[in-house]
Amino acid sequence: QLVESGGGLVQPGGSLNLSCAASGRVVGIHVMGWYRQAPGKKRELVASMTRGGVANVVDSVQGRFTISWDTVWNTLYLKIDDLKPEDTAVYYCDANYGEFWGRGTQVTVSS
């Protein structure tokens, strides 16, 4: 089971720390990712990380999004800096390329 938290309403230029807590069969998770889906758009990958610590952040958010994974507490994080209105979306975490999904957390960037 994956449970996201940390979303909310933020002003442009602000920051957020999203969390994704994994429970259950966590030993079998070898890669986790953050996706987002804006209204009327397809879900898109923004960042992923392997259990070994190899991180990938897509070019469009490079420099503003930072992914990390606490494998001891089985929690995936996404730090978002310099938030922009176009970052408004529901943010989801997944494990093992879509084997498991969370229900998402809403991020709204607005003044």
Side-chain angles (χ1 to χ4, degrees):
Q1 181 182 8
L2 303 177
V3 179
E4 302 94 336
S5 61
L9 174 62
V10 186
Q11 291 188 342
S15 297
L16 275 178
N17 284 294
L18 306 184
S19 300
C20 171
S23 60
R25 295 167 49 194
V26 296
V27 175
I29 296 175
H30 56 87
V31 59
M32 297 188 75
W34 284 102
Y35 292 72
R36 67 183 180 185
Q37 187 167 18
K41 294 189 176 181
K42 293 181 179 179
R43 191 174 298 188
E44 61 174 356
L45 173 71
V46 294
S48 63
M49 178 168 268
T50 68
R51 181 175 286 275
V54 178
N56 174 57
V57 179
V58 300
D59 289 345
S60 61
V61 299
Q62 188 71 245
R64 297 193 300 117
F65 285 33
T66 304
I67 188 171
S68 60
W69 185 357
D70 186 332
T71 56
V72 174
W73 292 102
N74 301 312
T75 302
L76 185 73
Y77 299 97
L78 185 70
K79 187 175 188 299
I80 310 175
D81 294 314
D82 189 23
L83 277 154
K84 304 177 185 301
E86 53 264 38
D87 295 322
T88 295
V90 179
Y91 284 72
Y92 300 88
C93 69
D94 88 318
N96 293 348
Y97 303 113
E99 181 178 358
F100 305 101
W101 285 97
R103 294 190 173 186
T105 185
Q106 175 71 47
V107 172
T108 302
V109 185
S110 175
S111 55

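All of these numbers come straight from a predicted model, not from anything done at the bench.
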Is [X] reaching over with its side chain to a backbone N or O of [Y], donor-acceptor style, under 3.5 angstrom?
| X | Y | answer |
| --- | --- | --- |
| Gln106 | Gly8 | no |
| Asn96 | Glu99 | no |
| Asn74 | Ala22 | no |
| Thr108 | Leu9 | no |
| Arg64 | Ile80 | no |

First locate atom CG of Asn17, then atom OG of Ser68, and finally report the distance between them rounded to the nearest 0.5 Å.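 One finds 8.5 Å between CG of Asn17 and OG of Ser68.
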How far does CD of Gln1 sit from OG of Ser23, to the nearest 0.5 angstrom? 4.5 Å
Co-membership, hydrophobic cluster, residues [X] and [Y], 4.5 Å side-chain:
| X | Y | result |
| --- | --- | --- |
| Val3 | Trp101 | no |
| Tyr97 | Val58 | no |
| Val10 | Tyr77 | no |
| Leu78 | Phe100 | yes |

Tell me if the aromatic rings of Phe65 and Trp34 count as close, with their centers under 6.0 Å from one another. no
Could you tell me whether Arg51 atom CZ has more than 12 heavy atoms of other residues or ligands within 6.0 Å of it?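 Enclosed.
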Using every non-hydrogen atom in the two residues, find where [X] and [Y] come nearest and quote the distance to one decimal.
| X | Y | answer |
| --- | --- | --- |
| Ala55 | Ile67 | CB-CG2, 3.8 Å |
| Asp82 | Asp87 | O-OD2, 4.3 Å |
| Leu76 | Gly33 | CD2-O, 3.8 Å |

Using the six-membered ring of Tyr92, assess whether NZ or CZ of Arg103 lies under 6.0 Å from its centre and within 45 degrees of the ring axis.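 No.
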Decide yes or no for [X] and [Y]: does some side-chain heavy atom of the first lie under 4.5 Å from some side-chain heavy atom of the second?
| X | Y | result |
| --- | --- | --- |
| Thr105 | Ser5 | no |
| Glu4 | Tyr91 | no |
| Pro12 | Lys84 | no |

Before giving the answer on side-chain contact (heavy atoms from CB on, under 4.5 Å), spell out for Lys79 and Leu18 the whole-Å C-alpha distance, their side-chain angles and the decisive distance to 0.1 Å. CA-CA 6 Å; Lys79 187 175 188 299; Leu18 306 184; over 6 Å; no
Short N-O contact, Glu44 and Arg36, less than 4.0 angstrom: yes
Could you go through Cys20 and Met32, starting from their C-alpha distance and side-chain angles, then the distance that decides it, and tell me whether this counts as side-chain contact (heavy atoms from CB on, under 4.5 Å)? CA-CA 10 Å; Cys20 171; Met32 297 188 75; 4.0 Å; yes
We want to know whether Asp70 and Thr75 form a side-chain donor-acceptor pair, criterion being a heavy-atom distance below 3.5 angstrom. no
One pair to check against side-chain contact (heavy atoms from CB on, under 4.5 Å): Val54 and Asn56. What are the steps and the verdict? CA-CA 7 Å; Val54 178; Asn56 174 57; over 6 Å; no
